[in-house]
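Numbered from 1 within each chain, the chains take letters A, B, ... in sequence-line order.
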Amino acid sequence: MTPFSRLASAFSTLEATSSRTAMVATLSALLKSLDEDEVQSAVYLVQGRLGPQFDAPQFGFSEKLTTRALAEWSGRPVAEIERLYRTHGDHGLVAEKALRVEKTGRAAPLSTVEVYEALRALAEASGSGSVQGKINALVSLLRRATPEEAKYILRIPVGRMRLGVGDATIMDALAISRGDKTLRPVIERAYNLCSDLGLVARTLYSAGPKALAAFKVEVGRPVKMQFAERVKDIADIVRRMGKCAVEPKYDGFRCQVHKDGTGVRIFSRNQEDNTAMFPDIVRAVATQVKASRAILEGEALAYDAQTDTFFPFQVTVQRKRTHGIAEAEAAYPLRLNVFDLLYADRTDMTCEPYQKRRARIRTLLKAGAGLAPAPALVSGDADEITRYFETQIADGLEGIVAKRLDSPYEAGKRSFNWIKFKRAYHGALKDTLDLAIVGYFAGRGARAKLGIGAVLCAVYDAKSDRFRTLAKVASGQSDDAWIALRTRLEKHAVSHRPARVDSRIEPPYWVEPTLVVEVFADEITRSPVHTAGVGTDDEPTGFALRFPRIVRGVREDRQPEDATTEREVARLFGLQRRARSKA
DNA sequence: GTCGGCTCCACCC
DNA sequence: TTCCGACTTATTCGG
DNA sequence: CCGAATAAGTCGGAAGGGTGGAGCCGAC
């Protein structure tokens with residue numbers, strides 16, 4: 001039985017180490033000292049989890065509740081804990097450095113398995129009163145912990161171990177703890193096939209590397225997905241791969257579908273089990289897949305049969321729910337665009353070349369509404385691929401994914417055997433001609449994220465009848481000032497209102513964007529600006545594109561059109577980005 | 001006692 | 001999803 | 001030919017927008 005203090009001590013060492021090889025050495029020494037029946041829980045704890053993605057309870061417990069637990073543990077007010085958290089940036093450090101609550105009396109030392117079991121029980125609690133129950137459970141665990149132990153016990157529920165140790169490092173350490181680095185490929189392969197590093201560790205320790213080598217693709221167990229690398233231009237794709245298969249890049253949910261006789265399970269890209277969310281896909285698999293056992297992969301999107309087009313992600317994402325599934329299904333049926341096959345009948349297809357897998361998909365699927373093989377263009381010609389790409393963009397898709405014709409399915413890998421190429425956003429803005437811009441502001445009841453007094457500038461997309469946020473400007477005003485602004489805005493209110501908006505943002509008034517701009521010119525130019533929606537860091541910001549006059553107002557000497565990304569806009573115009581972290 | 005709003009959490013891209 | 005920094009590993013270059 | 005300098009690749013962490021769900025709490 002290994003005391004948890006040994007883990008905590010090793011974690012401290014790991015945290016202070018930057019060299020990966022040194023981390024591997026520390027971690028392998030720790031693992032080596034563990035018993036067969038401890039290594040599984042220990043590996044999960046190093047990962048900061050309680051089990052594999054597809055089979056671990058969620059804590060439902062993070063920053064806020066941890067703060068409350070710390071307050072109860074230390075007997076200090078919540079406000080003080082919050083202050084300490086802001087200065088230390090980490091609940092674990094607050095416990096270890098600032099509070100240093102000593103364990104009570106002769107409390108028995110915590111064992112590794114004990115900590116794991118306690119956290120697991122905590123996570124599994126649910127129902128009325130469970131929030132306080134979780135806090136109590138955590139506090140009683142902390143009362144038995146040394147400050148160093150407390151540091152890591154707290155970090156697990158908030159999901160930030162901050163050890164600098166990822167799966168790959170754990171795998172290296174496992175290899176060295178039971179042999180040498182040559183075991184790494186066996187371990188990695190087993191992990192990629194079963195998605196459960198704790199199971200891999202236990203198997204290695206109890207049955208040895210041969211048992212790991214015998215792992216195979218198993219229907220019902222999620223296989224780690226293959227992902228695509230990104231390139232800057234299409235010529236790069238041809239340069240790297242030559243002749244390749246080019247598929248549309250759909251913006252929906254990546255799904256790995258396991259069919260086992262009459263049973264069907266659907267896993268997300270993180271091996272979460274989403275079967276219950278997508279009954280339409282389950283039915284389609286049952287009727288359309290001509291094999292009793294199979295593992296398929298594809299992208300699920302809400303599909304509009306009337307126009308034969310796919311809905312944007314914002315619509316598809318509404319299918320991600322656990323209640324009202326039937327209604328959502330009726331409103332937005334899904335189609336799974338199948339682009340890979342990992343297993344069929346009794347055959348592991350992952351080692352077969354891409355073209356063979358694709359050919360088998362065509363013979364495997366019956367025609368039907370729910371499942372369709374994703375189209376693919378085979379070409380080595382950059383011009384032809386560019387035209388294909390433009391066709392996809394015109395159809396409202398995200399871009400393309402090119403795949404090497406002879407490559408196997410590389411579970412858990414991101415390599416240049418798959419290459420994605422996405423559009424730049426201004427193309428989409430230009431192409432979506434029926435965009436109308438509106439402005440609106442969020443009044444009382446807006447989400448806390450925005451805060452009362454946020455101004456949002458949004459693009460109204462008539463096609464999907466939804467808004468995309470372009471920019472939001474925190475007013476940062478006192479209440480009186482805000483009421484005055486609101487009064488000014490009310491004068492310009494117009495009646496137009498979209499049918500579908502975020503239910504949590506119910507702006508009382510809709511106004512023309514130009515009026516928002518006029519009314520709020522001062523506030524907008526002086527406030528921190530954060531663009532959104534079109535505003536991921538590397539995409540041209542809608543704010544600069546749509547409201548150049550405002551940006552000019554900030555710095556007359558700069559040309560906002562020159563700035564193509566949010567980051568650049570922020571730099572050019574001296575705008576602050578939103579606070580970097582909660583710390 | 002029910003219901004709706006709110007906060008916090010987890011996960012999709 | 002994207003970006004970025006710290007490190008490691010592979011490759012090139014100069015004495 | 002060898003070692004240093006440089007380039008390329010790996011890995012982990014941090015951040016953004018937006019959605020639904022669970023539990024809590026106060027109003028009625």
Side-chain angles (χ1 to χ4, degrees), chain A residues 14 17-24 47-48 53 56-68 89 123 125-134 157-172 227-230 249-255 268-272 274 277 299-301 312-325 328 398 413-416 420 422 444-450 456 458 466-472 501-506 530-539 541-542 565-567 577-583:
Chain A
L14 287 170
T17 311
S18 57
S19 156
R20 253 177 52 76
T21 42
M23 291 195 295
V24 169
Q47 287 182 305
Q53 303 267 149
Q58 294 163 209
F59 284 100
F61 197 101
S62 187
E63 185 184 320
K64 299 292 176 184
L65 299 186
T66 304
T67 301
R68 280 173 62 187
S126 70
S128 180
S130 60
V131 170
Q132 189 58 47
K134 287 177 188 208
V158 294
R160 293 155 55 109
M161 289 299 278
R162 310 182 64 175
L163 302 181
V165 171
D167 291 350
T169 308
I170 299 173
M171 289 190 280
D172 276 345
F227 296 106
E229 281 286 358
R230 208 175 50 150
K249 184 173 194 312
Y250 299 101
D251 196 9
F253 297 127
R254 179 91 176 259
C255 290
S268 75
R269 57 175 272 139
N270 293 322
Q271 292 80 48
E272 298 280 338
N274 287 343
M277 291 179 197
E299 190 88 0
L301 284 82
F313 180 73
Q314 289 91 333
V315 174
T316 301
V317 78
Q318 295 174 58
R319 289 296 309 272
K320 187 175 141 49
R321 54 169 62 227
T322 55
H323 300 306
I325 289 171
E398 258 197 310
K413 295 279 168 54
R414 186 188 296 277
S415 78
F416 282 98
K420 64 183 162 184
K422 291 164 71 168
R444 191 166 281 286
R447 298 199 73 177
K449 215 183 204 179
L450 299 175
L456 294 96
R466 284 182 69 85
F467 278 87
R468 301 161 188 257
T469 308
L470 277 186
K472 56 192 172 210
V501 300
D502 185 327
S503 59
R504 280 162 284 193
I505 301 174
E506 277 296 336
H530 178 78
T531 61
V534 291
T536 52
D537 283 343
D538 68 331
E539 288 173 349
T541 157
T565 70
E566 176 190 351
R567 194 172 304 253
R577 283 166 63 79
R578 208 154 59 163
R580 259 175 60 80
S581 83
K582 290 162 194 158

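- For A/H323, counting side-chain heavy atoms from C-beta on, the closest listed nucleotide (D/dT19, D/dA22, B/dA10) is D/dA22.
- With rounding to the nearest 0.5 Å, the separation of CG in A/L65 from CD in A/Q132 is 9.5 Å.
- The CE-P distance, from A/M277 to B/dA10, rounds to 15 Å in whole Å.
- Rounded to an integer number of Å, the gap from CZ of A/R254 to P of B/dC13 is 9 Å.
- Contact between the side-chain N/O atoms of A/N270 and the OP1/OP2 oxygens of B/dC11 is not found at any separation under 4.0 Å.
- Here the side chain of A/D251 is nearest to one of C/dT2, B/dC12, B/dC13, namely B/dC13.
- Taking CD of A/E398 as the reference point, atom NZ of A/K249 lies at 4.0 Å (rounded to 0.5 Å).
- Checked against D/dG20, D/dT19, B/dC13, the side chain of A/V317 finds its nearest nucleotide in D/dT19.
- In this structure, A/F61 atom CZ and D/dG23 atom C1' are separated by 14 Å, rounded to whole Å.
- Under 4.0 angstrom from either OP1 or OP2 of B/dC12 there lies at least one side-chain N or O belonging to A/S268.
- Here CZ of A/F253 is found 9.0 Å from CZ of A/R319. Values are rounded to the nearest 0.5 Å.
- Candidate nucleotides B/dC8, D/dG21, B/dC12 were compared by shortest atom distance to the side chain of A/E272, and B/dC12 ranks first.
- Nearest to the side chain of A/A168, among B/dC12, D/dC11, B/dC9, sits D/dC11.
- At the heavy-atom level, A/K420 lies under 4.0 Å from the strands shown only through sugar-phosphate atoms.
- In this structure, of B/dA10, B/dC12, D/dG20, it is D/dG20 that holds the atom nearest to the side chain of A/Q318.
- Across B/dC9, D/dG21, B/dC12, the shortest atom-to-atom separation from the side chain of A/T322 is found for D/dG21.
- Distance from the side chain of A/T169 is smallest for D/dG12 among the nucleotides D/dG12, C/dT2, B/dC12.
- A/G324 comes within contact range of no nucleotide atom at all, as no heavy-atom separation falls under 4.0 Å.
- Across all strands shown, A/D172 has no heavy atoms under 4.0 Å from either base or sugar-phosphate atoms.
- Taking OG from A/S268 and CE from A/M277, the interatomic distance works out to 8.5 Å, rounded to the nearest 0.5 Å.
- In this structure, A/N274 reaches the B/dC12 phosphate: one of its side-chain N or O atoms is under 4.0 Å from OP1 or OP2.
- Distance from the side chain of A/V131 is smallest for D/dC24 among the nucleotides B/dC9, D/dC11, D/dC24.
- Atom C1' of nucleotide B/dT7 and atom CZ of A/R68 are separated by 11 Å, given to the nearest angstrom.
- Rounding to the nearest 0.5 Å gives a distance of 13.0 Å between CZ of A/F227 and NZ of A/K413.
- What separates NZ of A/K320 from P of B/dC12 is a distance of 4 Å, to the nearest Å.
- As a whole-Å value, the separation of A/Q132 CD from B/dT7 C1' is 16 Å.
- Here D/dC25 presents its P atom at 16 Å from NZ of A/K64, a figure rounded to the nearest Å.
- One can place CD of A/Q58 at 18 Å from P of B/dC8, the figure rounded to the nearest angstrom.
- From A/R68, atom CZ reaches atom CD of A/E63 across 13.5 Å, with rounding to the nearest 0.5 Å.
- Distances from the side chain of A/S62 to the nucleotides B/dC8, B/dA10, B/dC12 place B/dA10 closest.
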